Amino acid sequence: MAATLLQDGCRCCVLLLVQGVQPGHLFKHLCRLRRGVRTASTTCKHARDTGAVRWSGVVGLEIHTQINSNSKLFSSSRVQFAAPPNSTVSFFDASLPGTLPVINRRCVEAAVMTALALNCTINKKSLFDRKHYFYADLPAGYQITQQRLPIAVDGTLTYSCQVGRKWNQIVTKSVRIKQVQLEQDSGKSIHDDARRQTLIDLNRAGVGLMEVVMEPDMSCGEEAAAAVREMQLILQALGTSLANMSEGQMRVDANISVHRPGEPFGVRTEVKNINSARFLAKAIDYEIQRQTEVLDNGGTIMNETRAFDYKLGCTIPMRDKEGKQDYRFMPEPNLPPLILYDAQSLPTNNVDPAQVVNIDWIKERLPELPRVSRERLVVQYGILPEHSFILVNEDGLKEYYQTVVNMTKVDPRKIIGWVIKDLLGHLRQQNLTIKQSPVSPFSLAELLTILENGTISSAIAKQVFQELCKGEGKTPEQIVKEKNLGILQDRAHLEEICHGILEGHQKEVAEIRQGNVKILNKLIGLVQKTTNGRSDPVLVKTILEEKLL
Ligand code: ADP
Ligand code: MG
């Protein structure tokens, strides 16, 4: 590893490996990288100002997503995540001679649906090709893909990034989609280092993939991560892929280069098989930084494939692409052209309409896409665009919020603060997902209802929320009762407390009487402190004002 990195010029990582870990050095290195990221993300042109030369990052993604279908692209074997090794393999998947592919309609429909959601033009005729390469987990020696004529071309993906000092601005961008193609997944090689052997699991062999190829329209890791997240949300809204990156249902290859604005694009490197949006952003920003440094030092960028080492936070070379691999593409002889129809071209005779894929039928049934959901939430609940962005982007948060809204009469604009600031804040701090939330939407709805109807004060509501976060299964009402947290509205009792506070704070009383009414809040706070946040703030204010003025 050290040798590889030495060649690669990642000086800081080399120092780490050769000289042993030097925390100070590592810190500086990471800071430098982070500074790079921040410069990039705030300008989002990703121009790196290095004296006379300004370099700008260029990023193009190729995204492979596994199609959510019961069976594989060309065989009837089951598709099941984490099934016992080699338990879902048909003769065709294992490439036994004499077996033939039969296309899975569901996979075709999923690709059409996805391509329509990405505003692509659907090719009514597309073709399958064999792409040859030799690898143990590819038993046929070739992958069936769509090289000459893919199922869809020329689309756009619109995505948004959160920017600004408080991340409270939403900037909308778009990236052009070059094509969407159908292809087979390969099997998996499992390397057993202890016994120095490689095992092959063919469960994944032949699972349907949609490859989405994007034009090089992005310029930094943050944009790429936002585009990938939007893709993931679209696929999940359509149901065409589960798109779970950590389970390998969505895998991203990032092509990265740098150039001076106005000049042709530079030589690119490709970072393969990234399976998390966070690592994707890191890998891209690292590559932009590395290439910039190489060029600034008079070096040249090699057209090579690299891998992201998430432990070291840097990319390392895998194999060079200089002598471009010859895949010996040839037409797949066992599959006829894939023909799709629209309302106008539906066949009238000899073809069962149920057996054809009708593009218009799919188009009419597209569900609400994430971008539309965000706009709808803003209009429907009167919430801010940045809040609706978070609701849609956090898995399960939109559903959580809507459940709370439906269960209480409290203004949705009040609920949003609790859901985003208090609930999400707590979950992020504890590293929990929405599903793992110790506070159910029902509990939050009940809490907000008793706050709204005046049973508790807002200070107590925060306290009850903290109790709910302990996940002991108690309802807000139970907590309020057990801890005696109900609001204090006994006027005589509150008057007595207010009297005591005024007696003890003559200086403040004098200031208020001289016209500095802001000091009144301090006295209200002191009453709340005495009553552990339980007193009715409106009543306390009235009493104090009566006594003072
Ligand atoms: P290939 O034929 O080598 O696969 P493509 O033209 O299909 O090349 O592009 C593959 C991917 O590389 C696309 O996602 C594209 O956006 C991206 N890409 C092409 N040129 C560049 C570049 N100079 N910098 C960054 N990405 C690029
Ligand atoms: Mg390509």
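Counting from 1, the numbers follow the sequence of the chain as shown. As a basis for the values below, the full set of heavy atoms in this structure was taken, side chains included, without hydrogen atoms, waters or symmetry mates. Bear in mind that the values here come from a model prediction, so they are computed numbers and not experimental data.
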Stepwise side-chain contact (heavy atoms from CB on, under 4.5 Å) check, Gln143 with Glu183: CA-CA 7 Å; Gln143 173 199 35; Glu183 58 189 35; 3.6 Å; yes
Below 3.5 Å, can you tabulate the donor-acceptor pairs from side chains in residues 79-87 to any protein atom, sequence neighbours excluded?
residue : atom : partner : partner atom : Å
Gln80   : OE1  : Arg78   : NH1          : 2.1
Asn86   : OD1  : Leu202  : N            : 2.6
Asn86   : ND2  : Ile200  : O            : 3.0
Ser87   : OG   : Pro84   : O            : 2.6

Say whether [X] and [Y], considering side chains only, have a donor N or O and an acceptor N or O under 3.5 Å apart.
X	Y	result
Ser71	Asn104	yes
Ser443	Glu446	no
Ser90	Asp93	yes

Main chain of [Y], side chain of [X]: is a donor-acceptor contact present, judged purely on distance under 3.5 Å?
X	Y	value
Thr292	Ile288	yes
Asn123	Ser126	no
Arg306	Thr315	yes

Partners passing salt bridge (charged side-chain N to carboxylate O under 4.0 Å, His left out) against Lys421 (at least two apart in sequence or in another chain):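 With neighbours one apart ignored, the set is empty.
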Partners passing salt bridge (charged side-chain N to carboxylate O under 4.0 Å, His left out) against Lys188 (at least two apart in sequence or in another chain):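 Checked Lys188 against salt bridge (charged side-chain N to carboxylate O under 4.0 Å, His left out); zero matches.
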Trace of the side-chain contact (heavy atoms from CB on, under 4.5 Å) decision for Val59 with Leu61: CA-CA 7 Å; Val59 181; Leu61 303 179; 3.9 Å; yes
Rounded distance [0.5 Å steps], CE in Met245 versus CD in Gln232: 6.5 Å
